[in-house]
Visitor: 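Below are the structure tokens for one structure; questions will follow.
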There are 2 protein chains.
Amino acid sequence: MAPDTREKILQTAARLFLEQGFSATGVSTICREAGVNSGSLYHFFESKDALLVGVLNWYEEHLDPIVMGPIEHAQPDPVERIFALLAWYRGNMVATECRLGCPIGNLALEVSDTHPQVRPHIDINFANWSARIEAWLNEAGDRLPADLDRRGLSKFVLTVMEGGLMQARASDELGPFDDSVAQLRAYIDALLERARPTGTTQRTEETSA
Amino acid sequence: MAPDTREKILQTAARLFLEQGFSATGVSTICREAGVNSGSLYHFFESKDALLVGVLNWYEEHLDPIVMGPIEHAQPDPVERIFALLAWYRGNMVATECRLGCPIGNLALEVSDTHPQVRPHIDINFANWSARIEAWLNEAGDRLPADLDRRGLSKFVLTVMEGGLMQARASDELGPFDDSVAQLRAYIDALLERARPTGTTQRTEETSA
DNA sequence: TATATTCTTGATTGATCGCTCAAGTAAGGA
DNA sequence: TCCTTACTTGAGCGATCAATCAAGAATATA
């Protein structure tokens with residue numbers, strides 16, 4: 001009968017780190033918003049840094065059930081799934097008026113250098129994300145060129161997502177994100193075209209010969 | 001005969017914000033490392049936030065003389081210039097063992113939401129950066145398809161740079177950055193190929209017919 | 001030289017920082 | 001019932017935070 005105090009602390013900290021950043025968020029604020037005393041927080045986490053690791057583990061555990069799972073279920077086509085995922089992040093930016101962005105990306109730039117013991121946990125989150133993209137690319141089989149570096153392309157998709165979100169937040173406009181996704185679409189369309197047997201054309205999905 | 005105290009403060013603050021982040025850097029640390037008393041700092045900057053704006057103005061003024069200018073001079077080909085620029089950032093990452101990254105990108109994620117009066121100054125830095133890329137793409141003329149969205153592609157190049165640096169820092173490896181640049185290269189190669197008159201081939205630069 | 005302005009000194013402010021701890025309550029097993 | 005462990009309480013620790021200010025030094029103009 002473990003209390004949900006720990007979970008409440010994790011979710012509150014995750015939200016505040018996303019809204020304000022790690023350094024700018026005080027432990028006292030986390031306690032107040034979680035409705036918990038500092039002694040309880042330090043019962044479950046030995047330091048603010050340990051709490052940050054807990055938050056990153058929380059994200060690692062919830063990527064599939066919250067993000068990847070629903071998208072895989074909603075979009076059967078592995079290539080379109082990539083753009084459905086990017087559209088999911090776009091939807092978050094619309095809902096927040098170009099705020100927040102990606103919690104892992106934010107922490108990556110804030111603490112990778114200063115907290116070397118935390119960095120690997122950020123790395124794992126990114127690795128899991130792009131590994132799922134790589135699996136989708138493999139699922140696409142010979143619709144993509146045989147000599148394509150699918151692992152490299154999977155990291156490229158993450159690059160596009162993070163870089164697009166960054167510029168969207170900086171400009172307070174979705175334009176740069178949409179521009180980036182459009183360029184990625186053009187690139188992947190060119191890859192699909194290159195892998196297509198000569199003499200065939202395709203405009204909508206599931207058309208062959 | 002304005003003293004160089006202000007400049008010393010700006011450069012010290014820029015370095016510390018890059019190494020530690022904005023929130024994690026104390027004003028007292030800036031003063032100590034700049035060899036200045038806090039009263040002097042607050043004589044030139046009315047607050048820590050105003051100092052941050054000063055740092056962003058400093059970056060805006062130095063992008064051309066420090067980064068873009070030398071690269072334009074060293075690489076005459078406008079398309080190769082893009083990859084020379086990316087190689088310049090890669091060189092910084094090699095020199096710092098995958099630390100620091102881009103100072104503007106770091107600040108973009110840390111303060112865009114919490115300091116709305118600072119965000120436009122980040123936006124300007126990004127806009128200047130991608131505007132230069134756009135000028136290079138225009139310089140490439142009909143080597144690129146006429147219907148290409150060159151402004152969108154210029155933002156895409158910034159996306160690739162920032163996303164690649166982020167993953168390089170998170171993984172402590174240049175791999176994801178190199179992967180991303182390689183995918184961008186493949187995309188731009190495809191664009192060059194598409195714009196090439198039929199019946200011609202090209203492998204090295206400055207070859208025609 | 002006289003005067004005004006610019007810049008520097010550095011101690012000090014109240015607030016907040018991450019964190020501790022002794023005491024107390026709750027819950028489970030025997 | 002007794003004992004142990006798990007968890008909570010909340011005041012309080014020393015340190016550091018961003019920022020202030022009265023005083024003085026340096027500099028420029030006249």
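Residue numbers start from 1 in every chain, and the chains themselves are labelled A, B, ... in the order their sequence lines are given, proteins ahead of strands. When reading the values below, keep in mind they use all heavy atoms of this one structure, side chains included, and skip hydrogens, waters and symmetry mates.
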Visitor: Under a 3.5 Å distance rule, please check whether A/Ser112 uses its side chain to pair with a backbone N or O of A/Ala108 as donor and acceptor.
Guide: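 Yes: the side chain of A/Ser112 pairs with the backbone of A/Ala108.
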Visitor: What does the list of N/O pairs under 3.5 Å between the protein and nucleotides 15-18 of chain C look like, with a distance for each?
Guide:
from   : atom 1 : to      : atom 2 : distance (Å)
C/dC17 : OP2    : A/Ser28 : OG     : 3.0
C/dG18 : OP1    : A/Thr25 : O      : 3.3
C/dG18 : OP1    : A/Lys48 : NZ     : 2.8
C/dG18 : OP2    : A/Val27 : N      : 2.7

Visitor: Whole angstrom is fine here: how far is it from CD in B/Glu46 over to C1' in D/dC21?
Guide: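 Whole-Å distance recorded here is 16 Å.
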Visitor: Hey, does the Lys NZ or Arg CZ of B/Arg90 hover above the aromatic six-ring of B/Phe177, less than 6.0 Å from the centre and inside 45° of the axis?
Guide: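 Pair B/Arg90/B/Phe177 does not count as cation-pi.
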Visitor: When you match B/Gly39 and B/His43 each to their closest nucleotide on DNA chain C, which lands nearer the 5' end?
Guide: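 Residue closer to the 5' terminus by nearest nucleotide: B/His43.
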Visitor: At under 4.0 Å, does any side-chain N or O of B/Ser38 touch on OP1 or OP2 of D/dA18?
Guide: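 So the side-chain polar atoms of B/Ser38 never come under 4.0 Å of the phosphate oxygens OP1 or OP2 of D/dA18.
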Visitor: Measure from CD1 on A/Ile30 to P on C/dC19 and round the result to the nearest Å.
Guide: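 Interatomic distance, CD1 of A/Ile30 to P of C/dC19: 10 Å.
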Visitor: Please report, rounded to the nearest Å, how far the P atom of D/dT20 is from the CG atom of B/Leu41.
Guide: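 From B/Leu41 CG to D/dT20 P: 12 Å.
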Visitor: For B/Ile9 and D/dA19, give me the distance from atom CD1 to atom C1', rounded to whole Å.
Guide: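 One finds 14 Å between C1' of D/dA19 and CD1 of B/Ile9, rounded.
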Visitor: Return yes if some donor-acceptor pair links the side-chain N/O of B/Arg151 with the main-chain N/O of B/Glu134 below 3.5 Å, else return no.
Guide: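 Here the side-chain-to-backbone pair does not exist.
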Visitor: Just checking, is any N or O donor in the side chain of B/Arg32 or B/Asn37 under 3.5 Å from an acceptor N or O on the other one?
Guide: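 B/Asn37 and B/Arg32 do not have a side-chain donor-acceptor pair below 3.5 Å.
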Visitor: Looking at B/Arg15, I'd like to know if its CZ atom is crowded, meaning that more than 12 non-hydrogen atoms belonging to other residues, nucleotides or ligands lie closer than 6.0 Å.
Guide: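 Yes.
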Visitor: Please determine if B/Lys48 forms a cation-pi arrangement with B/Tyr42, meaning its NZ or CZ atom is less than 6.0 Å from the six-membered ring centre and no more than 45° off the ring axis.
Guide: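 No; the conditions do not both hold, so B/Lys48 does not lie above the ring face of B/Tyr42.
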Visitor: Once you round it to whole Å, what is the distance between C1' of D/dA18 and CG of B/Leu16?
Guide: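 Nearest whole value for this atom pair: 16 Å.
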Visitor: If you check the A/Asn37 side chain, which of C/dT8, D/dC7, D/dT9 turns out closest?
Guide: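 Closest nucleotide among those given: D/dT9.
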Visitor: B/Lys8 has an atom NZ; how far is it from atom P of C/dC7, in whole Å?
Guide: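 Distance, rounded to whole Å: 18 Å.
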Visitor: Nearest whole Å is fine: how far is D/dA19 P from B/Leu52 CG?
Guide: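 It is 12 Å, rounded to the nearest whole Å.
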Visitor: Grab the CZ-P distance between A/Phe44 and D/dA6 for me, whole Å please.
Guide: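 A/Phe44 atom CZ is separated from D/dA6 atom P by 11 Å.
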Visitor: Between A/Gln20 and B/Thr114, do the side chains contain a donor N or O and an acceptor N or O under 3.5 Å apart?
Guide: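 Result is no, nothing qualifies.
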